[in-house]
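What follows is a short report on a single structure.
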2 protein chains.
Amino acid sequence: MTNQELLHHHGLRATNLRLELLRLLRASDRALTHQELEAGLKVEADRVSIFRSLNAFEEAGVVHRVLDGRGTSCFARCGTDCGHGDHNDAHAHFRCNGCGHVYCLDAVELPSVSLPRGFKLAKSHLELDGTCKACR
Amino acid sequence: MTNQELLHHHGLRATNLRLELLRLLRASDRALTHQELEAGLKVEADRVSIFRSLNAFEEAGVVHRVLDGRGTSCFARCGTDCGHGDHNDAHAHFRCNGCGHVYCLDAVELPSVSLPRGFKLAKSHLELDGTCKACR
DNA sequence: TTTTGAAATGCAACACTGTTGCATCTAAGT
DNA sequence: ACTTAGATGCAACAGTGTTGCATTTCAAAA
Ligand SMILES: [Mn+2]
Ligand SMILES: [Mn+2]
Ligand SMILES: [Zn+2]
Ligand SMILES: [Zn+2]
């Protein structure tokens, strides 16, 4: 599926900016911040439009958001089974303390959690940190 | 151990602001944001001083920092075995999607993680969300 | 108790992420 | 080609968090 088709499939318009954002996200093996995306764009675009596009992507189930260790958002492409307001791509994330890069780790098994009385679980997030291959 | 003693024990001075911050953190059953702390203070204090005190507390092993689901920092008292630059109070955290409150959950068992080749693990963070008792 | 130096504070300024309002533009269906 | 909802650009704003610098204050030594 092309990026154009992907956008239409999720009810979004295929603009230059959005096609560019998807190109960058697809070409990356890790989650990208809005800053990295802005820097990588081959078209001019306002920061606000990037934020709005990323929010639209997340809402539509095209990308998911991860908070890096310092609270800023990173974005990565979702799998095929995410839709509008419905994300089904739970997996662990790894953040390198050297370069700060955030990776999606589908291979890591997620724990089954049992909470104390009174708490009702919705989702669990396993966030790992350490050193990545490049930073050893 | 009094808050005064606690601060001295960690090489920090016992100022009005810091004693107040510790009082609030100790009285709370959950992690507090700088905003909540500022609002709860019985003394006047500059935001910057609060940030600096919290950073000093974290560095000294008096409190630990948790990121709530939207990237802002919450702070909670550490256990007894944390020291300067050395935190040993790993535990899961729960964030309520209703009220946004963050709780430390010592009861939840942490998973043992095995990473893909190339990644070297330092710490793992289990972040849970859902609904808290008060918000059911 | 007084002195003293280092630690802590207050204030101003700044960087950054993220949001909203509003006018304008454009993608995509007719 | 028209039309219009959706997308963008620009300006302004809110919030978190940091830094530099002058001033104050804690706590230990004299
Ligand atoms: Mn991911
Ligand atoms: Mn905690
Ligand atoms: Zn790295
Ligand atoms: Zn709640």
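In what follows, every heavy atom counts, from backbone to side chain, and hydrogens, waters and symmetry copies are set aside. Here is the naming used below: chain letters follow the sequence lines, and residue numbers restart at 1 for every chain.
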Side-chain atoms of A:T15 come closest, of D:dG9, D:dT8, D:dT18, to D:dT8

* Flag the pair A:H64 / A:H91 as yes when their ring centroid distance falls below 6.0 Å, and as no otherwise. => yes

Side chain to side chain contact (heavy atoms under 4.5 Å, CB included) test vs B:L19 passes for just one of B:L24, B:N3, B:V43, namely B:N3

Here the distance between atom C1' of D:dT24 and atom CG of B:L17, to the nearest Å, is 14 Å

Quiz item: Looking at D:dG9, does its base get a donor-acceptor pair with the side chain of A:R52 below 3.5 Å?
Solution: yes

Comparing B:F75 with B:A14, nearest DNA chain D nucleotide closer to 5' gives the residue B:F75

- Query: Run the side-chain contact (heavy atoms from CB on, under 4.5 Å) check on A:V66 and A:H125 step by step: do they pass?
  - Reply: CA-CA 10 Å; A:V66 199; A:H125 308 269; over 6 Å; no

Note: chain B reaches DNA chain C at heavy-atom distances under 4.0 Å over the stretch, first to last nt, 5' to 3', of C:dG5 to C:dA12

B:D46 CG to D:dG17 P, in whole Å, measures 15 Å

A:I50 CD1 to D:dT8 P, in whole Å, measures 10 Å

Separation of D:dT25 atom C1' from B:N16 atom CG, nearest Å, is 10 Å

Examine the side chains of A:R136 and A:T131 and answer whether a donor and an acceptor come within less than 3.5 Å of each other.
-> no

When A:S53 and B:L12 are each assigned the nearest nucleotide of DNA chain D, the 5'-most assignment goes to A:S53

Check: Contact class for B:A45 vs. all strands (heavy atom < 4.0 Å): base, sugar-phosphate, or nothing?
Finding: sugar-phosphate

With a 4.0 Å cut-off on heavy atoms, is A:S73 in touch with a base, just the backbone sugar-phosphate, or nothing at all? sugar-phosphate

Atom CD of A:E44 with >12 non-hydrogen neighbours under 6.0 angstrom:
no

Here the distance between atom P of D:dT25 and atom CG of B:L19, to the nearest Å, is 15 Å

Residue pair B:V48/A:Q35 against DNA chain C: nearer the 5' end by closest nucleotide is B:V48

Taken to the nearest whole Å, CZ/A:F51 to C1'/D:dC13 is 14 Å

Rounded to whole Å, CD of B:E59 lies from P of D:dT18 at a distance of 12 Å

Does A:R13 make a side-chain donor-acceptor contact with the base of D:dA5, cut-off 3.5 Å? yes

Under 4.0 Å between a side-chain nitrogen and a carboxylate oxygen: does that hold for B:R30 and B:E36? yes

Taken to the nearest whole Å, CD/B:E38 to C1'/D:dA14 is 14 Å

Are A:F51 and A:H34 close enough that their ring centers fall under 6.0 Å?
yes

